[in-house]
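Proteins come first, then strands; the chains are lettered A, B, ... in the order of their sequence lines, and each starts at number 1.
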Amino acid sequence: MDPLLNYAIFFVTIAGIYAVWSLALNVQWGLTGLFNIGIVAFVAVGGYTSVLLTVEPSATFGGGLGLPLAVGFIGAMVTSAILALLVGLITLNLRADYLAIATIGIAEIVRLFLKNEEWLTNGVRGIGGVPRAFADLGPEGLALANMVLVLLCVLIVFLLIERARRAPWGRVLRAIRENELTVLASGKTVKYFRLQAFVLGAAIMGLGGALYAHFVGFISPEAFEPLQTTFLVWVMLIAGGSGNTKGAVLGAFIIWAIWSGSQIVTGWLPPELATQAGALRMGLIGLLLVLVLLFRNEGLLSEEDQRRADIAREARNDGR
Amino acid sequence: MIKVEHLVKRFGGLTAVDDCTLSVPAGSITAVIGPNGAGKTTLFSMIAGFLKPNGGRILMDGDDITGLSPPTLFHKGLVRTFQIPHELSRMTVLENLMLVPPAQVGEHVWLAWLQPGRVRAQEKEIRERAEEVLQFLDLYRLRYELAGRLSGGQKKLLELGRTMMIEPRVVLLDEPAAGVNRTLLGKLTEAIQRLNEEQGYTFVVIEHDMDMIAELCSPVIVMAQGRVLAEGSMAEIRRNRDVLEAYLGVVED
Ligand SMILES: Nc1ncnc2c1ncn2[C@@H]1O[C@H](COP(=O)(O)OP(=O)(O)OP(=O)(O)O)[C@@H](O)[C@H]1O
Ligand SMILES: [Mg+2]
């Protein structure tokens, strides 16, 4: 196949996985205002869960149940959701900033766990031979089919979030962000809705983690790095438009394009600078974030535009 | 209906509500009046579960409800309005009201996904109710406006509208008349009276508008410095020496 086309398929697949994460963060931050800066924890837990459920049994690490991929994906969502439930039950009662601290903490705990609990995770050596979806289609068919699978996941997650956002559920979340007291005076248990949004977002992050692990075919603690996961996903959501579901997807694709494009640029650097390439690229993304915040702090597609469209649609359907 | 016994609330060194004991008869429209800073709003906030008292207890129909959360009390039929309107400013007027009804199918995210038809049907009902309330409050034509763009008086009305979205048992109104024009005020007074007579709702009204209180409320409870100063019919209150000094001095000479 044309190498360019090959690359395009690879690009869309990874960007799509980031879109899943960005959509997940949109549920937590965009819709509910929950400040999760430990995205990587829920991603890694999802990825590892699915891998351990689906790989062939091994003598060196736990799991290895050889179950079908679909079971792995569901397991990934369930485990990440449970982790979020625990974190949420402890912290969502507290002031908002505690959640941020707790999520950083949980990310570090998860990283240390994956590194040190070799009996389960095979430690820093990671786990290879992760079954890939559509493995019998050959390398090219497999790449294409995986891309379709990822895009399908993006579409399903997108539609589910949109439907929930427009339903009374989303209305309560919006109200909570505006004035908690009003929502309490309207008889809604605020922390229960917060917890739901946090857990739902985490489950989707877990799903993305599983998609990633099975696409790459290998998993290790190094694969999930806070900068490349948490930070990049945050930039994607903010650039795309926090609170705007389409924006979350758009941001993922654009920032991934810039991120992977920057790799090509840093490839031209003289060798003495090449070791700094990673830091340089991060700096570039950071600069981009600052520019977005300065000149378009609502993101490319703003939540307000989306709301205006919603209200206009409501008004149009009036008297039907 | 509601009994408050030896209730205390301190903010740092300041005792806002100080050993306050009073009762609201079932089916009444009870007024709570008193000078600024008397502790009226603080009392409401404790009854509705927004503030935890430092002492004393609150009973509703004989059950101790002290320290229950606002949503729990809401589901027991106790609703309040805020003195300073707490509108959801970036949501439409309609959405502000549609938020309120309890037991909405679409508040469960899985039902929102799996039974959109059921959600839509219920939304239609809720919307019709909200539109009725807005018609009544003269806010109907503003239903798609963001609530933050309403005038001060209109926000006040929207605040009241929230309590009209459900069938409560006790409604705590914190200065419903402040900033509302005369014609509409007459309509509000009428509505409160009607809901009280026909639906049997109990009202507790904090108000500085003496005409409205005289027309609407009995009994009248006067608070000053966190305590109950006097209690009785408006006529009795007007004759009370202490009250004249503390509060009504300017009304009668
Ligand atoms: N959250 C708070 N923190 C500190 N002090 C408070 C707080 N809320 C009220 N207070 C104080 O408690 C006292 C009683 O206030 P409250 O709002 O209950 O008065 P009020 O009777 O409703 O007065 P008004 O008629 O002006 O509304 C005031 O002195 C006020 O400064
Ligand atoms: Mg007050």
| remark: So, the part of B:Glu131 with a heavy atom under 4.5 Å from chain A: the answer is side chain
| Heavy-atom distance under 4.5 Å to chain A: side chain of B:Ser89, backbone, both or neither? | both
| message | Rounded to the nearest 0.5 Å, what separates atom NZ in A:Lys188 from atom CD in B:Gln104? | response | 4.5 Å
| task | Please state whether the side chain, the backbone, both or neither of B:Pro101 comes within less than 4.5 Å of a heavy atom of chain A. | result | backbone
| Toward chain A, the part of B:Val109 with a non-hydrogen atom under 4.5 Å | both
| remark: Interatomic distance, CG@B:Leu88 vs OG1@A:Thr182, rounded to 0.5 Å, equals 4.5 Å
| Inter-residue atom distance A:Arg174.CZ - B:Glu95.CD, 0.5 Å rounding | 4.5 Å
| For A:Ala185, does its backbone N or O pair with a side-chain atom of B:Arg162 as donor and acceptor, under 3.5 Å? | no
| request: Report, as yes or no, whether the 6.0 Å neighbourhood of atom OH on B:Tyr144 holds more than 12 heavy atoms from other residues, nucleotides or ligands. | output: yes
| remark: The interface call for B:Phe50 against chain A, heavy-atom contacts under 4.5 Å, is side chain
| message | Would you say CZ of A:Phe198 has more than 12 non-hydrogen atoms from neighbouring residues, nucleotides or ligands within 6.0 angstrom? | response | yes
| task | Can you tell which part of A:Leu159 gets under 4.5 Å to a heavy atom of chain B, answering side chain, backbone, both or neither? | result | neither
| For the residue pair B:Pro116 and A:Arg163, what are the closest heavy atoms and their distance? | CG-NH1, 3.5 Å
| query | Which residues in residues 72-87 of chain B have a heavy atom less than 4.5 Å from any heavy atom of chain A? | reply | B:Phe74, B:His75, B:Phe82, B:His86
| task | Could you tell me which portion of A:Arg307 (side chain, backbone, both or neither) has an atom closer than 4.5 angstrom to a non-hydrogen atom of chain B? | result | side chain
| task | Give the member of A:Gly170, A:Ser186, A:Ala167 that has the highest number of heavy-atom pairs under 4.5 Å with chain B. | result | A:Ser186
| message | To the closest 0.5 Å, what do you measure between NE2 (B:His108) and CD (A:Gln196)? | response | 8.0 Å
| query | Measuring heavy-atom distances to chain A, does B:Glu123 have an atom under 4.5 Å in its side chain, in its backbone, in both, or in neither? | reply | side chain
| said: Would you compute the distance between atom CE of B:Met98 and atom CD of A:Glu314 and round it to the nearest 0.5 angstrom? | reply: 6.5 Å
| Of the backbone (N, CA, C, O) and the side chain (C-beta and beyond), which part of B:Thr92 lies under 4.5 Å from a heavy atom of chain A, both, or neither? | both
| task | Hey, could you give me the CZ/CE distance between A:Arg177 and B:Met91, rounded to the nearest 0.5 Å? | result | 9.5 Å
| message | Taking CD in B:Gln135 as the centre, count heavy atoms belonging to other residues, nucleotides or ligands within less than 6.0 Å. Is the count above 12? | response | yes
| query | How about B:Arg149: does its CZ atom have over 12 heavy atoms from other parts shown lying under 6.0 Å from it? | reply | no
| said: Please identify, among A:Ile311, A:Leu181, A:Thr189, the residue contributing the most non-hydrogen atom pairs under 4.5 Å to chain B. | reply: A:Leu181
| field | N/O donor-acceptor pair under 3.5 Å between A:Glu178 side chain and B:Arg90 backbone | value | yes
